Structure formats: C-alpha cells, structure tokens
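All chains are named by letter (A, B, ...) in the order of the sequence lines, taking the proteins before the strands, and each is independently numbered beginning at 1. Predicted model, so just to flag it, every value in this text is computed and none were measured.
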Amino acid sequence: MQNHIARVALITPVRRLFDYLIPNENQPTLEAGMRVRVPFARGHKVGLVVEVTSQSEWTLAKLKAISDVLDDSPLFDTVNMQIRHWLGEYYMAPPGEAYMNLLPKKLKAGEPALLPSIEKWQANVDGKLLVTNQAKRQLALLDWMGQRQVSLVEVKQAGFSRDLLNKLQESQAISRVELRPEGSISKQVNYRDLGLTLLDEQQAAINRITAQLNQFKAILLQGVTGSGKTEVYIQAMAKALQQNQQVLVLVPEIGLTPQTLQRFAERFDSEIVVLHSELNDTERYLAWLKAKMGLARIVVGTRSAVLAPMPDLGLIILDEEHDISFKQQDSLRYNARDVAVKRAHLQQVPIVLGSATPSLESYYNAIQGRYLHLKLQQRAQQSQPPQPVVLDIKDQPLQDGLAPRVLDLMAKHLDAGNQVLVFLNRRGFAPALMCHECGWIYECQRCDHHFTYHQSPRQAQCHQCGEITPVPRQCHSCGSTQIIDWGVGTEKLEAFLKQRFEKTPPLRVDRDNIRGKGQLAQTLHEVKQGEHQLLIGTQMLAKGHHFPNLTLTVIVNLDNALYSADFRAIERMSQLLVQVAGRAGRGDKPGQVVLQSHHPEHSVINLVCQQNYEAVLSYLLQERQAMMLPPYQFWAVLRAEAHQPALVEQFCAQVTELLKPYLQHHYQQVILLPAFPAAQEKRAGKYRYLMVFESKQRNQLNAALKQLCQLIEAQKGLSQVRWLLDIDPQDIC
DNA sequence: AGCACGCCGACT
DNA sequence: GTCGGCGTGCTC
Ligand SMILES: [Zn+2]
Ligand SMILES: [Zn+2]
C-alpha cells in the first residue's frame, strides 16, 4: 500500500488541499498535475492532483475515493505546477484558485485535454471515374485537390462549397480522413530575415539578450518611442525558436491588435497562437491546448496567458511592462509581470521587460543590478517625437476647457489639412449636474459620488458603480428647476468643436462611442489613413498607435494627478504624457504637443517635456525613497467592505487587535498602518476601508499575512464583511 | 462558495 | 403549534 492518497486542489475558498483515496486501478498511473472528479460535500467537483503520497493527516475512514481520473498525463510540467504554487502562496490565494481556477473554463469543467481531430478530405484512386462529366464543379474540385489532403477551410478558400465535398463523398470519389494534431507538431519555425539595417544599440541589445538564452536573466529593455523595440524582440525570438524553444509574448490588454500579430506573423512561418480576454471558451481552450502540446511555438497573450503551459518555453517577452492591465484588479490580484519574472526564474530562461516608460519597480531593479539594463536611445526612423510644450492656463479664459491660443493653433493645423487630437480623459457631457440657485449637486446614493451628465443618450451615469438615472428636472434641495451642467467631458467638447470647426467635424473616440475591439480597430485604421481630421479621445487613443498625419495633440488637463491621493498618479501621468506625445508626427511632418496646465512649473511635467524620462524616473524614485513607498518597502493592503460602516470599522479594529501580539513578537519588521476609509468610502452601497501593511522584508510580510488570514477565518461574526488581500497594490484608494 | 443545521420571532 | 429568518459550521 504505497501512494494511495491524492492531495487535490478544488475551487473553494478553503485554504487547503483535500485528501482522497486513489482507487487501486489508478494507483500505478495517477500523477500530480492530472485532473480528477471527486465527491465533495453533497456533490462532485473537478480538481487537480497536487501531490500523490502515502500519508494523510486524516483518518482513512474519513477519506472518500476519487470517482474518476480525467487525464492520462499531467496538464502541466513541473515548472507550471511550481509557479502556480508560488502564485498561491505569494498572493495569499487558496490552492484551488491557483491550480484550478486559473484554467480555461472547459478544463475546469472536466473536458478532455485533447485537441479535436482535424477533418480532411482526400481523393480516392480513380475517384474521377465515379463522377459524371456534367458535374463540372465537382470535377474541378477533384482536380484542384489532386493527391493532397485538404481541409474544409482550404476548400472554401479556393472557392468551392461544402455541398460539393458532400456530393463527392456520397459518390465515394473522395474520403474523409481524421488526423491527430499531435502528428503535425513541428518545432522548426522558419524566420524571415528582412536584412534590415539595425542601429548599433538594437544589434547590441539583441546580442545581449540572446547571450542569456538557456539561463535565467531579467532584462529591462528601456527604449524610447520609435527606437525599434519590436525588431529587437523579433530577432531575439528567432534565436530561441531556432533552438526549438517556445516563446511567450505578453502584451497589455489594449496592445493585442491585429497589427501587432501581423508583425509577428510576417516574420515567422508558424501559427501565432493568441490568448486574450475576448476569446470565447472554446477558442481559449483550444489555444491553451496548442500551447500545452507544443503545437504553438509562439504564444501572444494578455495577463492570464502568463500561466499558459509551454513545455519548451525558452524566452518570455513582456511588452509595455509598466502597463497596469498586467495586474488583475479583482479577486486574485496577481501581477502578470511579477509572475512572469518568477516563471522565467523557475524555468531558467531569460525574460525581457520592455517599455519606453518603465515602472519604478523594474527601473529600481535595473539600477540595483538585479536586472540587466539595456537602453535604446536612438530612433530607428527619422521621426522625432514632438517635444511637449506646457501652456500655463492660470487666469486664462477657457472655452469648454480650451485656451484661446490652443484654439488658434488647432485652426492652423486643421487649415493645413493635418490631423489634430484633443486628449481628454473624461467621458460624458459634463462631470456634474448642479443646481444654479443653491449649489446642490446630483449624487449617486449608492456611492456619494456625483453623477456624470451624458447627452447621448440623455441620462445621468455614476462612473463609480454604473448606476443610470434620468436627469433630474428639479433640485432635490430647493426645488429649483435651474439644473445646470458643470465642467467639460468629451461629449461637450465634441459639441463645441463641431460648431467651432465646422469644416472638420470631430470624431469622438471613447467607450460610449466606440464599442469593442473590432470597432476600435476599424476607427484606428481610418485615422491612420488620414480620415477624421479632428479627433477627441480618452485613454483609448493614448496607446499603441502612431498616426503619421497627426501634427497637433492637445492635452486638455492632467492636473488631477498632481492632487491625487494615489501615490502612483504622477508616475502614470508621466507615462501617459510620453505615450500621447508618441502618437504624433513623422519625418516630413513634425508634430506638436501642447499640455494645458495650472502648474507649468511642476518638476515632473518639465522633465517629461524635456524628454528626459531617465530624469523623471530618478526624481520619482527619490520621492518614493523619501516617503518609504514601494519599491523601497513592500506593501500589502487588506480591503474590507460591508453594507454598514460600523461593521467595517469594527472589523478593522478587531483585525488590528488580533494581529497585534503577532506583530510584536514574531513579525517586528512588519508595520500595520492605522485603518482608513477608502478615498471613495461608499461605493455601490458598500462602505470600504483599507489597512496597509508595510515591510522591508518580503518573507516576514508574507508570513504575517498568512497568519492574518488564519486569524480572520477563525473569527466568528465577520460574515457580513467582505475582505481581500492585495499584495503589491497598484493604489491604496 | 454553497449548503444544511438549528435556534428564535410572528403568523395561520 | 410551524414557517422562515440568518448566524454558524463543514466540506477530504
Ligand atoms: Zn454609484
Ligand atoms: Zn437648489
């Protein structure tokens, strides 16, 4: 009787594995990493075997037996099992979350981890004789097929119909064959060398990266806009692929565009397998399996792809490493960038983190020597991104947010036939509705936050919780009917610019106007072609695309960041400013970027405008050091919410008391700051509080948090309070 | 989480 | 007397 116990991870908030008896017939074959169906509570669940062992802390009589083994071989290699284990421990997630929940839906449901067979057709010997001479199309199809095995897709692409295939099959002129996808795995990927002349910096970067293949190294590739980072990725990838390795490319949510994929597709003669959030369950399942089986040599994906199984993984590229979409913002708040670095470490392969505006965390690691720091400071093309100019708008008469000088400038660029982008990060017509007589502001009852006034369609929207209401006719306080809108949103700007620049109607690009990836891609394409001379855009237009005919970018206002409670606000503002500036201009048409600000003297704004991002980073890093913020200390935050404020306050007080002795005696390096309400204390009817833990020692912080989870979960009377831990938080608002 | 168990108030 | 409210406990 050896190894007759399986320790299984199940999707449940319980922070432990569950032990099951392995039926005799499965004992020789069951391995860690296989899925099993097990009886659980009053039903059945699919789980993942994490360990096969001979011992259990439970009496054997209490153990149930596995009902079904669902896999013939493990779903993951050892490294993938290890990274999931690490993820669970680091982010304080129950094992079931890390091992099971971070799988495609279909695999969670227990569907087989097998790609379906590929259906193809093949002409039979003398099949032609079975077709009458009148059936011209059928004969044409037969001719076209020749001796090859062809798929339905190929047949349709060649202009033949499914019906023709069916007819041929009925007359037995052709037959259907089923091919197993495993049979067509080719680890060889042909690379198309375009014979490009690279800048010295690019070539040097490629050499440094490829020199690190087959060992762990984190590499920060800091390259200014237009310095040719992508070409560096591609040539480094080529080297790894040539060694029959797989490559994982991680990009921000917004960065996974057809253009991005096209750049890879035209250089590598191999399917680029995509894993992103807009795939449906089947597509994600199939892509995942292709990665697992090694059929996919290149996987391009967003956050969740960081855990894609890749048996021959040899290189990880993570582009726009500063992008916040790599950090999951609900339930299990992992940061794919940090998971990717850990994965590279476990797998002993290099990882390239690329950005024009690296995060302070990665930059700090680079200057500390933990990461290899490569820089691309020259531009590959002649284009010089425009140097932003700050326009002081103190005491300026603004018209719907725009200064007169800016309007004149816009007119000049539009008259010259060029494109102008007005960047305003505020959807809707106006950010508030107000009573003209008494100053009452229309607020969402669930959030205590002002409603945004939208005009198309006409309604009030809470941007905190999504609540939509009709626009009030009367003041709720004094009864006056003079309700006015206050401030400027993209809709109001659109209305104003429409009448101000009649000949060039503006196109508004925001979430309300452009729905989904398809429409955005279409719009971006049109803009690149030079259509739509005047553009109004939010965040959506800030990233990823270069518009050659765009010669003027106006940034209406980024001053909010300067007063924000969010400790990363200024860092984000700087990144945004650099990105927005990078949209404009080309060699023959140099661009211009104007930033309106009430604080033109602000150091960071000035450094960004001098295009000295290195100086921005040093400045911000110094500020973080002075205040002992990350990366100089590690942070974790406990977020708690309840329907009554007293419950959350009580929860925080209780947690503080419970943990106090542990912090005093075991975790002296961990400091718990006093609990405080969230910046937006009430949201969607819930009252929210935060408790920040800080420490210079990651291990102690982690251990203290583990203790904290145990204490909270052992405590009764807290069921009304929802809470979660956020490790390395993006913000503490 | 999801579900059963059990202990109290207010109904036919 | 019982119907159902939710606070508590358990899941190998
Ligand atoms: Zn609201
Ligand atoms: Zn009023």
Side-chain angles (χ1 to χ4, degrees), chain A residues 1-27 30-71 81 84-85 87-88 91-105 107-110 328-334 638-644 646-651 653-655 658 684-687 708-726:
Chain A
M1 281 279 270
Q2 260 199 335
N3 292 346
H4 55 300
I5 310 276
R7 313 205 68 212
V8 179
L10 295 165
I11 301 177
T12 153
V14 185
R15 284 167 204 282
R16 75 179 103 100
L17 297 171
F18 292 86
D19 294 357
Y20 286 89
L21 296 169
I22 308 171
N24 284 333
E25 67 269 30
N26 292 317
Q27 282 182 22
L30 190 71
E31 281 180 65
M34 294 182 183
R35 288 169 306 155
V36 287
R37 183 177 299 280
V38 291
F40 185 77
R42 278 150 293 276
H44 273 78
K45 269 184 187 291
V46 176
L48 191 105
V49 177
V50 173
E51 197 185 341
V52 176
T53 169
S54 58
Q55 299 198 340
S56 174
E57 291 169 19
W58 292 68
T59 56
L60 288 188
K62 283 200 170 176
L63 297 189
K64 295 180 184 174
I66 289 169
S67 321
D68 260 314
V69 175
L70 302 174
D71 294 307
M81 290 292 279
R84 282 166 193 266
H85 176 254
L87 191 147
Y91 291 102
M92 300 286 140
E97 290 288 317
Y99 286 106
M100 274 300 290
N101 208 18
L102 294 175
L103 282 178
K105 247 209 189 82
L107 289 170
K108 284 196 263 186
Q328 175 127 57
Q329 279 304 359
D330 53 333
S331 59
L332 207 179
R333 299 188 161 219
Y334 69 94
L638 175 66
R639 298 172 189 272
E641 57 180 37
H643 282 102
Q644 282 116 42
L647 283 171
V648 210
E649 282 169 44
Q650 208 181 308
F651 173 88
Q654 243 181 86
V655 168
L658 281 171
K686 288 189 169 172
Y687 294 84
L708 172 81
C709 290
Q710 274 174 29
L711 288 169
I712 298 177
E713 279 159 6
Q715 193 69 19
K716 306 185 249 196
L718 300 180
S719 60
Q720 307 247 51
V721 180
R722 316 267 290 129
W723 61 277
L724 65 84
L725 273 173
D726 187 351

Measure from [atom1] on [X] to [atom2] on [N] and round the result to the nearest Å.
{"X": "Gln720(A)", "N": "dG5(C)", "atom1": "CD", "atom2": "P", "answer": "15 Å"}
{"X": "His44(A)", "N": "dC12(C)", "atom1": "NE2", "atom2": "C1'", "answer": "13 Å"}
{"X": "Leu718(A)", "N": "dG7(C)", "atom1": "CG", "atom2": "P", "answer": "12 Å"}
{"X": "Phe18(A)", "N": "dC12(C)", "atom1": "CZ", "atom2": "P", "answer": "7 Å"}
{"X": "Lys62(A)", "N": "dC10(C)", "atom1": "NZ", "atom2": "P", "answer": "10 Å"}
{"X": "Arg16(A)", "N": "dG9(C)", "atom1": "CZ", "atom2": "C1'", "answer": "12 Å"}
{"X": "Lys45(A)", "N": "dC12(C)", "atom1": "NZ", "atom2": "P", "answer": "11 Å"}
{"X": "Glu713(A)", "N": "dT11(C)", "atom1": "CD", "atom2": "P", "answer": "15 Å"}

### Query
Any idea which heavy atoms bring Ile22(A) and Asn3(A) closest together, and the distance?
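In terms of heavy atoms, the two residues are closest at CD1-O, 3.6 Å.
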#### Entry: Over all atoms of both residues, closest heavy-atom pair of Ala642(A) and Leu647(A)
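The answer is CB-CB, 3.9 Å.
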### Task
Can you sort out the partners of Arg333(A) under side chain to side chain donor-acceptor pair (under 3.5 Å), two or more places apart, ordered by chain and number?
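Partners of Arg333(A) under the side chain to side chain donor-acceptor pair (under 3.5 Å) test: Gln329(A), Asp726(A).
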### Task
Can you sort out the partners of Gln710(A) under side chain to side chain donor-acceptor pair (under 3.5 Å), two or more places apart, ordered by chain and number?
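Checked Gln710(A) against side chain to side chain donor-acceptor pair (under 3.5 Å); zero matches.
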### Query
Quick one: side-chain contact (heavy atoms from CB on, under 4.5 Å) partners of His643(A), sequence neighbours excluded?
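Scan of His643(A) (side-chain contact (heavy atoms from CB on, under 4.5 Å), adjacent residues dropped) gives Lys686(A).
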Touch class at under 4.0 angstrom, heavy-atom based, for [X] against every strand present:
{"X": "Glu57(A)", "answer": "nothing"}
{"X": "Gly43(A)", "answer": "nothing"}
{"X": "Arg7(A)", "answer": "nothing"}

### Message
For residues 36-49 of chain A, which residue pairs pass the salt bridge (charged side-chain N to carboxylate O under 4.0 Å, His left out) check, not counting sequence neighbours?
### Response
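Checked against salt bridge (charged side-chain N to carboxylate O under 4.0 Å, His left out) - neighbours excluded - no pair reaches residues 36-49 of chain A.
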Restricting to nitrogen or oxygen on both sides, can you table the protein-nucleotides 1-8 of chain B pairs closer than 3.5 Å?
none

Listing, residues 63-71 of chain A side-chain donor-acceptor contacts under 3.5 Å, not counting sequence neighbours, or none:
from     : atom 1 : to       : atom 2 : distance (Å)
Ser67(A) : OG     : His44(A) : NE2    : 3.1
Asp71(A) : OD1    : Arg35(A) : NH2    : 2.9
Asp71(A) : OD2    : Arg35(A) : N      : 2.8
Asp71(A) : OD2    : Arg35(A) : NE     : 2.9

### Query
Would one find a side-chain N or O of Lys716(A) under 4.0 angstrom from OP1 or OP2 of dG7(C)?
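Checking dG7(C) against Lys716(A), no side-chain N or O comes under 4.0 Å of OP1 or OP2.
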